[in-house]
Asker: 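Just dropping this structure here.
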Amino acid sequence: MPELPEVETFVRSLKFGGMTGEPILNRHIHYADLFWPRTLAFSDADENFLAWFPGKTVEDVARRGKYVILSIPPKFLIIHLRMSGDLRVESKNSRINKKHDRFLIEFYDGYRLVFNDPRKFGRIWLVNHPEDVFQRLGIEPLSSSFTAAWMRENARKKKKVIKTLLLDQTFIAGIGNIYSDEALFQAGIHPNRKADDLSDAEIDQLTHAIQNVLQAGIALNGASIDWVYRGGNFQHHFQVYHRSGEPCFRCGTPIERTVIGQRSAHFCPKCQH
DNA sequence: CCTGAAACCTGTCTGC
DNA sequence: TGCAGACAGGTTTCAG
């Protein structure tokens with residue numbers, strides 16, 4: 001489900017309150033519980049994992065790529081929501097045993113953080129050093145080091161199809177299927193172009209388009225589609241994603257859908273060359 | 001290095 | 001109404 005803007009929305013909500021409910025900063029942990037053991041991304045005995053939590057405190061929440069990072073000194077709980085993961089904060093009095101709940105942390109004050117994930121693709125890590133999990137992750141697209149110059153330098157070395165490169169988390173961390181389609185449309189680049197074929201001007205446009213769509217996504221709390229993810233509004237601003245057959249807002253040509261690297265790609269055949 | 005296929009999963013929607 | 005098939009905001013692993 002979530003890409004960078006959706007994950008960022010989760011992080012802000014966990015810190016300051018919002019979509020997920022009450023903030024969780026500085027709450028003291030009573031206990032943790034795990035309902036689907038394979039949610040753990042590492043091979044630690046479940047007992048050891050769960051036994052670590054009581055008495056700890058959530059001191060910060062942050063994001064790296066599509067990962068949520070809970071700072072629970074002296075360790076870090078890292079969560080990847082993959083396709084269908086969801087986080088919510090609810091009070092003790094809420095109905096427990098909600099379908100597809102996989103993990104939860106209950107606080108002494110009666111609130112609890114719940115990780116719900118119908119498709120069971122989501123994963124969590126408990127580590128001393130977050131870098132261990134992020135070792136292969138690429139650049140943060142909203143950081144100051146992500147510039148057109150960086151893209152010219154690095155994208156040129158890649159022979160991949162540009163749509164696939166944008167989805168490659170070891171290259172840029174955080175872009176998913178929605179925002180790659182939207183960025184390529186905004187830059188006027190066909191998703192099947194080779195990265196090393198792009199002109200300087202096209203690379204510059206693409207860089208700015210990436211920053212632009214991600215920021216727009218964050219400003220609207222991400223995109224909500226179908227039954228997954230809630231609270232977002234960016235879906236009302238899609239130019240191409242989920243719009244196959246509908247007229248391009250720029251030129252009227254029907255938006256097309258194709259498959260690139262096993263993912264659907266939506267584009268305007270006239271505006272994107 | 002790059003591509004494609006398959007695997008991991010459950011839910012929803014479409015068409016017959 | 002039922003049922004098969006396609007499809008879904010992601011990532012990893014393996015074959016070629």
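Just so you know, these numbers come straight off a predicted model, no measurement behind them. Proteins come first, then strands; the chains are lettered A, B, ... in the order of their sequence lines, and each starts at number 1.
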Asker: According to a 3.5 Å limit on both distances, what stems of 3 or more consecutive Watson-Crick or G-U pairs are formed with DNA chain C?
Answerer: B:2-8 with C:10-16, B:10-16 with C:2-8

Asker: Just jot down the ring-ring contact (aromatic ring centres under 6.0 Å, His included) partners of A:Tyr108, sequence neighbours excluded, or say none.
Answerer: A:His30

Asker: Output the residues of residues 153-163 of chain A in contact with DNA chain B, where contact means a heavy atom of the residue under 4.0 Å from an atom of the strand; sort by number or write none.
Answerer: A:Lys158, A:Lys159, A:Lys160, A:Val161

Asker: Once side-chain hydrogen bond (donor to acceptor under 3.5 Å, both in side chains) is applied, what residue pairs with a partner in residues 142-151 of chain A remain, sequence neighbours excluded?
Answerer: A:Ser143-A:Ser145

Asker: Who are the salt bridge (Lys or Arg N to Asp or Glu O under 4.0 Å) partners of A:Asp33, not counting sequence neighbours?
Answerer: none

Asker: Which atoms of nucleotides 13-16 of chain C (N or O only) lie under 3.5 Å from a protein N or O atom, and what are those distances?
Answerer:
none

Asker: List in numerical order all residues of residues 256-267 of chain A for which some heavy atom is under 4.0 Å away from an atom belonging to DNA chain C.
Answerer: A:Arg257, A:Arg263, A:Ser264

Asker: For residues 180-201 of chain A, pull every pair meeting ring pair (Phe, Tyr, Trp, His ring centres under 6.0 Å), keeping only residues two or more places apart or in separate chains.
Answerer: A:His190-A:Phe267

Asker: Please name all residues satisfying ring-ring contact (aromatic ring centres under 6.0 Å, His included) with A:Phe115, sequence neighbours left out, ordered by chain then number.
Answerer: none

Asker: Give the first and the last nucleotide of DNA chain B, reading 5' to 3', that has any atom under 4.0 Å from a heavy atom of chain A.
Answerer: B:dC2 to B:dT12

Asker: Under a 4.0 Å heavy-atom cut-off, which of residues 115-123 of chain A touch DNA chain B?
Answerer: A:Pro118, A:Arg119, A:Lys120, A:Phe121

Asker: Hey, does the Lys NZ or Arg CZ of A:Arg243 hover above the aromatic six-ring of A:Phe249, less than 6.0 Å from the centre and inside 45° of the axis?
Answerer: yes

Asker: Got a list of side-chain donor-acceptor pairs under 3.5 Å for residues 117-128 of chain A, not counting sequence neighbours?
Answerer:
| residue | atom | partner | partner atom | Å |
| --- | --- | --- | --- | --- |
| A:Asp117 | OD1 | A:Ser84 | OG | 2.6 |
| A:Asp117 | OD1 | A:Gly85 | N | 3.3 |
| A:Asp117 | OD2 | A:Lys120 | N | 3.4 |
| A:Asp117 | OD2 | A:Phe121 | N | 3.1 |
| A:Asp117 | OD2 | A:Gly122 | N | 2.7 |
| A:Arg123 | NE | A:Arg38 | O | 3.4 |
| A:Arg123 | NH1 | A:Arg38 | O | 3.4 |
| A:Arg123 | NH1 | A:Lys120 | O | 3.1 |
| A:Arg123 | NH1 | A:Phe121 | O | 3.4 |
| A:Asn128 | OD1 | A:Lys75 | NZ | 3.2 |

